[in-house]
Amino acid sequence: AQKVTQAQTEISVVEKEDVTLDCVYETRDTTYYLFWYKQPPSGELVFLIRRNSFDEQNEISGRYSWNFQKSTSSFNFTITASQVVDSAVYFCALSEGRSQGNLIFGKGTKLSVKP
Amino acid sequence: DTEVTQTPKHLVMGMTNKKSLKCEQHMGHRAMYWYKQKAKKPPELMFVYSYEKLSINESVPSRFSPECPNSSLLNLHLHALQPEDSALYLCASSQDPTNSPLHFGNGTRLTVT
């Protein structure tokens with residue numbers, strides 16, 4: 001069965017600290033997609049990244065970076081030099097090759113960045 | 001600003017009321033979705049429309065009735081809801097239904113009294 005685990009319920013850091021949000025997934029499919037979404041207090045889910053199961057290259061986008069490791073079924077997300085505007089709930093999600101947009105979300109990690 | 005627009009932003013309704021949630025996108029996406037999110041929980045899929053046809057109904061009670069009048073619009077008709085249906089209702093769209101990234105709206109925060 002497919003499952004996404006975000007073991008960190010809440011993380012609090014001080015501005016400019018680096019922070020890593022963990023995501024571990026389970027799936028029997030060989031073709032699958034992994035996503036990260038950010039949900040600020042306003043409620044909208046903001047798409048951050050999608051990775052397919054055949055592409056293990058790490059990705060960097062500004063202060064954000066992602067580490068995908070199939071060997072450990074993990075897709076971790078690091079924010080470098082965190083800012084107050086990074087405060088939000090972050091969801092990791094999985095969809096399998098044959099699914100139609102049915103995202104399996106983790107429970108989310110609430111990140112608080114304090115000035 | 002989100003490219004998926006949901007109205008209203010907030011809705012309070014009684015258990016005997018009939019109301020509708022609306023969602024609109026003009027990105028040419030051919031798949032649209034309704035998700036429900038309870039407080040401090042992840043979103044849960046309710047319905048998927050693919051090329052204007054209902055393709056997934058995640059065993060949602062019939063008091064929720066989706067409608068897709070055209071490729072840009074998605075409605076969710078509500079009737080005889082229960083207080084436990086109070087939640088944030090999120091609409092999303094994607095280029096196609098095969099694992100394209102979902103773009104979400106800001107949601108409608110629904111309270112059933």
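To find a chain, count down the sequence lines: A is the first, B the second, and so on, and within it residues start at 1.
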- Task: Identify which part of E44(B) has an atom lying under 4.5 Å from any heavy atom of chain A, answering side chain, backbone, both or neither.
- Result: neither
- Message: Could you see if F105(A) belongs to whatever hydrophobic cluster contains L48(A)? Use Ile, Leu, Val, Met, Phe, Trp, Tyr and a side-chain cutoff under 4.5 Å.
- Response: no
- Query: Does any non-hydrogen side-chain atom of Y35(B) lie less than 4.5 Å from one of L45(A)?
  - Reply: no
- Message: Between Y37(A) and chain B, with a heavy-atom cut-off of 4.5 Å, which part of the residue counts as in contact: side chain, backbone, both or neither?
- Response: side chain
- Message: Tell me whether K38(B) at atom NZ has more than 12 heavy atoms from other residues, nucleotides or ligands lying less than 6.0 Å away.
- Response: yes
- Message: Using a 6.0 Å cut-off, check whether atom NZ of K70(A) has over 12 heavy atoms from anything other than its own residue.
- Response: yes
- Query: Do M32(B) and W34(B) share a hydrophobic cluster (ILVMFWY, side-chain heavy atoms under 4.5 Å, transitive)?
  - Reply: yes
- Counting only heavy atoms closer than 4.5 Å, note whether Q6(B) contacts chain A via side chain, backbone, both or neither. neither
- Message: Quick check on the structure: residues of residues 107-115 of chain A within a heavy-atom distance below 4.5 Å of chain B, by number.
- Response: K107(A)
- Winner by heavy-atom pair count (cut-off under 4.5 Å) against chain A, out of A31(B), A92(B), P43(B), G107(B): P43(B)
- Joint hydrophobic cluster, M13(B) plus L76(B), side-chain heavy atoms closer than 4.5 Å: yes
- Ordered numerically, the heavy-atom neighbours of chain A under 4.5 Å found in residues 82-90 of chain B are L88(B), L90(B)
- Query: Under 4.5 Å between side-chain heavy atoms, hopping through other hydrophobics if needed: is there a path connecting Y25(A) to Y33(A)?
  - Reply: no
- Other residues, nucleotides, ligands: >12 heavy atoms within 6.0 Å of R51(A) CZ: yes
- Correct closest heavy-atom pair for G106(A) and P42(B) would be O-CB, 3.2 Å
- Task: Measure the spacing between CZ of F91(A) and CD of Q37(B) and express it to the nearest 0.5 Å.
- Result: 5.0 Å
- Message: Count I, L, V, M, F, W, Y as connected when their side-chain heavy atoms are under 4.5 Å apart, and connections chain through other members. Are L94(A) and L21(A) then in the same cluster?
- Response: yes
- Message: For the CD atom on Q95(B), are there more than 12 heavy atoms of other groups (residues, nucleotides or ligands in this structure) within a distance under 6.0 Å?
- Response: no
- Task: Give, for atom OG of S95(A) and atom CG of L102(B), the distance between the pair rounded to the nearest 0.5 Å.
- Result: 8.5 Å
- So with a 6.0 Å cut-off around CE of M27(B), is the heavy-atom count from everything else above 12? yes
